[in-house]
Amino acid sequence: MPSLSEVRQSNATLATSRPELIAVFVGGTSGIGEATAKQLAQSVQKPTIHVVGRSEASGSRILEELRAANPDGKFHFIQADVSLLRNVDTACEQIKEKEKSIDLLFLSTGHLTMFKNETEEGLDNNHVLRYYGRMRFIHNLLPLLENARGPARVVSVLAAGQEGQVDANNLDLTKSWSFLKAATYASTLNSLALEHLAATHPSISFAHVFPGIVRTPLMGSTFGHLAGSVLNVLSRPLSMAPEESGQRNLFIATSAAYPAARPRDPSYVGTPLGEGLRTAVASTGKVGGGSYILNYDGSNTAKEKLMAGYREQGFPAKVWEHTLETFRRILRTE
C-alpha cells in the first residue's frame with residue numbers, strides 16, 4: 001500500500017518519464033474525474049486530455065482550469081449524455097477523429113439513486129452509467145488503447161471490493177431491481193468484465209477502484225443541499241479532499257505497480273516503483289496479472305474466493321458476451 005508521500009513522488013516523475021500522455025476522462029466535469037484530470041494536467045509536460053461530460057458549462061470551466069494549469073497541454077470537451085449508448089458511440093467517434101491512440105481511459109460516471117429510472121433505450125439510467133456505458137467506451141476505444149505509445153490502462157472508479165452474488169438471468173436488472181442489488185451488480189460486472197478484457201487484450205491493464213470517501217458534490221446532488229451538507233460534515237473525519245483522491249488515482253493510472261499481463265514493452269510498464277513498493281496482485285491471484293481490484297489507496301481489495309468461484313463457472317466471459325449482446329440489442333449495429 002503506497003503512502004500519500006510515495007504517491008506524490010511517483011507522480012512527480014511523470015514530467016520526465018512520460019512527458020506526453022493522451023487521456024480520456026468520462027465523467028470528468030466534477031468530483032473524482034475532475035480532480036484526477038487536473039492532477040494529470042499538472043504532472044505531465046504536454047498532456048492531451050479529452051473530458052466527456054453532460055454539462056457544457058462545466059466542460060467550459062474545466063477546460064479553462066486545465067489550460068491555466070498547463071498552457072502546453074491540449075484539452076478538449078465532448079458534451080454527451082452517456083446514459084444513452086448511442087451517445088457513447090457519438091462521443092467515441094469524436095475522439096477517434098482527433099486521436100489514433102490513447103494511453104489512459106478513466107471512467108467515473110454514476111450517481112446514487114433510490115429509484116429505478118429507465119432510459120428510452122430500455123435500461124436503468126444508473127446501470128448504464130456504472131456499467132454498460134463504461135464498457136461501451138472500452139469496447140469502442142480498445143483499438144486506440146492497443147495503439148498506445150506507452151503503457152495503456154483503463155481505470156473504472158466505482159465499488160471495487162463490493163462484489164457479490166449475481167443472477168445470470170438478471171444482469172441488466174430488467175427482471176428485478178433494488179438499490180442494493182443495483183450497487184452489487186454494477187460492482188460485480190465491472191470486476192468480471194475487466195478480468196475478461198485483461199485476458200483477451202493482455203497488452204492493456206485494467207483496474208476497478210473503490211474511491212473511498214471523497215468530499216465531492218455527490219452527497220448534495222443525491223440527498224439535497226441541506227442533507228448533503230450535513231452528511232459531508234459528519235463524514236469529514238473519514239473523508240479525503242478531491243486533490244488527494246486525484247493524486248491517488250493518477251498513481252493507479254500510471255504506476256508500474258499495475259502492469260498489463262503481457263506488456264508491449266516489458267522494460268517500461270509505468271512510472272518506476274519506489275523503494276518498498278511492489279507489483280500488485282491481480283484479481284486472478286497472479287502478480288502483475290493485468291486486472292486489478294483496488295482500494296482507494298491502491299491496495300488489493302479483491303474477494304479472492306468469490307472471484308475464483310465466478311472464474312470456475314466461466315462468468316467473466318459470460319458477462320462480456322452478455323454485454324456485447326446488450327449492445328447488439330440496443331444499438332442494432334453489430
Side-chain angles (χ1 to χ4, degrees), residues 1-18 21 23-53 55 58-73 75 77 103-112 153 155-160 207 209-222 228-229 231-255 257-258 270-271 274 277 294-299:
M1 179 181 72
S3 67
L4 184 56
S5 175
E6 290 168 329
V7 162
R8 289 169 173 164
Q9 290 173 18
S10 177
N11 294 346
T13 69
L14 282 167
T16 53
S17 66
R18 206 161 180 186
L21 192 151
V24 174
F25 286 83
V26 182
T29 56
S30 66
I32 292 168
E34 175 185 349
T36 308
K38 288 179 177 177
Q39 290 299 317
L40 191 153
Q42 294 169 17
S43 301
V44 175
Q45 283 188 29
K46 295 181 178 181
T48 298
I49 297 178
H50 299 267
V51 177
V52 182
S55 169
S58 295
S60 297
R61 174 184 61 80
I62 294 298
L63 292 190
E64 290 181 7
E65 294 175 0
L66 292 175
R67 289 168 183 150
N70 190 336
D72 294 326
F75 307 107
F77 174 68
D103 303 296
L104 171 65
L105 175 57
F106 191 94
L107 306 151
S108 58
T109 50
H111 51 81
L112 293 174
R153 192 160 299 171
V155 178
S156 182
V157 180
L158 186 63
V209 182
F210 178 75
I213 303 174
V214 185
R215 296 192 285 275
T216 72
L218 180 62
M219 289 295 186
S221 63
T222 302
S229 298
L231 289 171
N232 279 329
V233 170
L234 293 176
S235 65
R236 193 172 185 85
L238 303 174
S239 64
M240 72 181 94
E243 181 183 21
E244 178 181 343
S245 175
Q247 291 168 344
R248 290 190 177 279
N249 283 314
L250 182 60
F251 174 84
I252 290 171
T254 57
S255 172
Y258 314 103
T271 53
L277 297 182
L294 305 173
N295 204 350
Y296 75 94
D297 57 5
S299 61

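Any value given below was found using the heavy atoms of this structure, including those in side chains, with hydrogens, waters and symmetry copies removed. Residue numbers run from 1 in the order of the sequence given.
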- Message: Given 3.5 Å as the limit, does a donor-acceptor pair link the side chain of Ser299 with the main chain of Asn295, or not?
- Response: no

- Task: Sequence neighbours left out, what pairs pass salt bridge (Lys or Arg N to Asp or Glu O under 4.0 Å) with at least one residue falling in residues 27-38?
- Result: Glu34-Lys38, Glu34-Arg61, Lys38-Glu65

- Exercise: identify the closest heavy-atom pair between Pro242 and Ala35: O-CB, 3.2 Å

- side chain to side chain contact (heavy atoms under 4.5 Å, CB included), paired with Leu40, selected from Thr254, Leu21, Asn11, Asn249: Leu21

- Message: Run Thr36 and Val155 through side chain to side chain contact (heavy atoms under 4.5 Å, CB included) and show every step you take.
- Response: CA-CA 11 Å; Thr36 308; Val155 178; over 6 Å; no

- Message: Phe75: which residues meet the side-chain contact (heavy atoms from CB on, under 4.5 Å) condition with it, sequence neighbours left out?
- Response: Ala41, Pro47, Ile49, Leu63, Leu66, Arg67, Asn70

- Give a yes or no on whether the backbone of Pro211 and the side-chain of Arg248 come within a donor-acceptor separation of less than 3.5 Å. no

- Item | Any donor-acceptor pair under 3.5 Å from Glu244 side chain to Ala241 backbone | no

- Message: I'd like to check the side-chain contact (heavy atoms from CB on, under 4.5 Å) partners of Ala160; sequence neighbours left out, ordered by chain and number.
- Response: His208, Phe210, Ile293, Thr301

- Message: Could you check whether any side-chain N or O of Thr16 sits under 3.5 Å from a backbone N or O of Thr13, counting only pairs where one atom can act as donor and the other as acceptor?
- Response: yes

- For the atom pair OH (Tyr296) and OG (Ser245), what is the distance rounded to the nearest 0.5 Å? 10.5 Å

- Message: To the nearest 0.5 Å, what is the distance between CG on Leu250 and CZ on Phe106?
- Response: 9.0 Å

- Going by the ring pair (Phe, Tyr, Trp, His ring centres under 6.0 Å) test, which pairs reach into residues 29-53, not counting sequence neighbours? His50-His76

- Task: Would you kindly say whether Gln9 and Ser5 are connected by a side-chain donor-acceptor distance under 3.5 Å?
- Result: yes

- Minimum-distance pair of heavy atoms, taken over all atoms of Leu14 and Thr271: CD2-CG2, 3.4 Å

- Query: Nearest 0.5 Å, what's the OG-CG distance between Ser3 and Asp297?
  - Reply: 10.5 Å

- Item | Nearest non-hydrogen partners of Ala69 and Gln42, listed with the distance | CB-CG, 4.1 Å

- The salt bridge (Lys or Arg N to Asp or Glu O under 4.0 Å) partners of Arg18 (sequence neighbours excluded) come to Asp103

- Of all heavy-atom pairs linking Thr29 and Gly53, the shortest is CG2-CA, 4.0 Å

- Query: If you measure from OH on Tyr258 to CG on Leu294, what distance do you get to the nearest 0.5 Å?
  - Reply: 5.5 Å

- Which residues share a ring-ring contact (aromatic ring centres under 6.0 Å, His included) with Phe251, sequence neighbours left out: none

